*Asks:* 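This structure is in structure tokens; I'll ask about it shortly.
Computed from a prediction, not measured in an experiment: that's the story for all the values here. Every chain is numbered from 1, with letters handed out A, B, ... down the list of sequences.
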Number of protein chains: 2
Amino acid sequence: MPDLYDPLKLDNQICFPLYACSKEIVNRYRPYLDELDLTYTQYIVMMVLWEKREINCRELCRRLYLDTGTLSPLLKKLECKGYITRNRSENDERNLVVSITEEGMALRDKAVDVPKNMACCVDLTKEEAATLYSLLYKVLSGLTGQK
Amino acid sequence: MPDLYDPLKLDNQICFPLYACSKEIVNRYRPYLDELDLTYTQYIVMMVLWEKREINCRELCRRLYLDTGTLSPLLKKLECKGYITRNRSENDERNLVVSITEEGMALRDKAVDVPKNMACCVDLTKEEAATLYSLLYKVLSGLTGQK
DNA sequence: TAAAATTAAATTGCACGCAACAGAATGTGA
DNA sequence: TCACATTCTGTTGCGTGCAATTTAATTTTA
């Protein structure tokens, strides 16, 4: 018998498995990323840079759905590790241009096995994974669009 | 043309939309939860207690996929707010029994609209939501099962 | 063109989230 | 029963994650 409070049950809210799943997946990355001396957030920054070589801070925030309060100190750490450089744009000194270094590009070859290792942790069929993927992006676009 | 590094693209890793989606959803909760003077994590703890009235710390950790390092200080805050009590089990003094107070139960009536308000943010059909839900739980059970 | 508004990044403060460790209570086996 | 292992909670340290504020550069406008 359903009652007034049913919607408040943990298992009736989509947020809960989403939140839990996200954390658990990140935990599964940890051992692989430890070998690269990267945290998960540092890893997704590096993934952007492996593709684009260069990006400014504002675009990076948008791409990763992160705040400058998160990225500012993190980018400094990646610079300390020698994987990126941070420079002000010549056109507009407000902009911070983040570029990948040779050392950062070299890391890509060590990282290339990470997705394969992770895929083993997630036991979905190709079709299920594709469905999950498209549903997540649908939610995401709905959330960020109507802001 | 696919290349060796394709799996390393942000858009080819399920973790990324999962992580982003989770954060964005929590952000959407914030204004509603602010009215209840709860954070998101405090809210999911209260949801468990609204259902069960009483639970010990270890089980709460398991239920919410959280660590004692997270829950320990958080439970103290909820106790300060008067929503829960913390007591040692009489049978086994190692166990911490968390119980909801009258004030905590009263909060449930104020919280009952939160899920409705949140549902508006996620523009999925009932079927899509059900699919997303079952896929997330499938991943989750796979992740925590083979630990 | 000088003042006001806007934009971008950095900083601060607070709340997780987890690994690693500490410490107390309980269970176990010789 | 006494040493030893196990279980459970709590603490510390580090890394996010975001709101709010600050600072600097640029653009707009009066």
*Asks:* Determine: side-chain N/O of B:Arg58 to OP1/OP2 of D:dG10, distance under 4.0 Å, yes or no.
*Replies:* no
*Asks:* Write down the distance between CG (A:Leu74) and C1' (D:dT16), rounded to a whole number of angstrom.
*Replies:* 8 Å
*Asks:* Can you check the A:Arg30 CZ to D:dG15 P distance for me, whole Å?
*Replies:* 12 Å
*Asks:* Could you state the CG-P distance from A:Asp34 to D:dC14, rounded to the nearest angstrom?
*Replies:* 15 Å
*Asks:* Does D:dT26 have OP1 or OP2 under 4.0 Å away from a side-chain N or O of A:Arg88?
*Replies:* no
*Asks:* Is there a donor in the side chain of A:Gln13 and an acceptor in the side chain of B:Tyr43, or the other way round, less than 3.5 Å apart?
*Replies:* yes
*Asks:* Given that B:Asp92 and A:Glu93 both sit by DNA chain D, which one's nearest nucleotide is further toward the 5' end?
*Replies:* B:Asp92
*Asks:* Look at B:Lys77 and C:dC16 and indicate whether a side-chain polar atom (N or O) is within less than 4.0 Å of OP1 or OP2.
*Replies:* yes
*Asks:* Are side-chain N/O atoms of B:Asn117 and B:Tyr29 paired as donor and acceptor at under 3.5 Å?
*Replies:* no
*Asks:* Counting the atoms with a prime plus P, OP1 and OP2 as sugar-phosphate, which does A:Asn91 contact under 4.0 Å by heavy atoms, base, sugar-phosphate, or nothing?
*Replies:* sugar-phosphate
*Asks:* Under 4.0 angstrom, heavy atoms only, what part of the nucleic acid is A:Thr39 near: base, sugar-phosphate, or nothing?
*Replies:* sugar-phosphate
*Asks:* How many Å lie between OH on B:Tyr40 and C1' on C:dC14, as a whole number?
*Replies:* 19 Å
*Asks:* From CG of A:Asn27 over to C1' of C:dC16, roughly how many Å is that when rounded to an integer?
*Replies:* 13 Å
*Asks:* Tell me the interatomic distance from A:Lys23, atom NZ, to C:dA19, atom C1', rounded to whole angstroms.
*Replies:* 15 Å
*Asks:* Has the side chain of B:Arg94 got a donor or acceptor that lies under 3.5 Å from a partner of the other kind on the base of D:dT7?
*Replies:* yes
*Asks:* Using a cut-off of strictly less than 4.0 Å, decide whether B:Lys76 has a side-chain nitrogen or oxygen near OP1 or OP2 of C:dA15.
*Replies:* no
*Asks:* In whole Å, what is the span from the CG atom of B:Leu71 to the P atom of C:dC16?
*Replies:* 10 Å
*Asks:* Would you mind checking if A:Arg88 and A:Glu93 are paired as a salt bridge, meaning a charged N to carboxylate O distance below 4.0 Å?
*Replies:* no
*Asks:* For residues B:Tyr32 and B:Asp113, is any side-chain donor paired with an opposing acceptor at under 3.5 Å?
*Replies:* no
*Asks:* Within the pair A:Arg86 and C:dA8, is there a side-chain N or O less than 4.0 Å away from OP1 or OP2?
*Replies:* no
*Asks:* Would A:Arg30 count as a cation-pi partner of A:Tyr40, with NZ or CZ less than 6.0 Å from the six-membered ring centre and within 45° of the ring normal?
*Replies:* no
*Asks:* According to a strict under-4.0 Å criterion, is B:Asn95 in side-chain N/O contact with OP1 or OP2 of D:dT7?
*Replies:* no
*Asks:* Give a yes/no on whether any side-chain N or O of A:Thr68 is located under 4.0 angstrom from OP1 or OP2 of C:dA9.
*Replies:* no
*Asks:* Could you state the atom-to-atom distance from CG of A:Leu64 to P of D:dC18 in whole Å?
*Replies:* 11 Å
*Asks:* Would you indicate, yes or no, if D:dT16 has its OP1 or OP2 atom less than 4.0 angstrom from a side-chain nitrogen or oxygen of A:Thr41?
*Replies:* yes
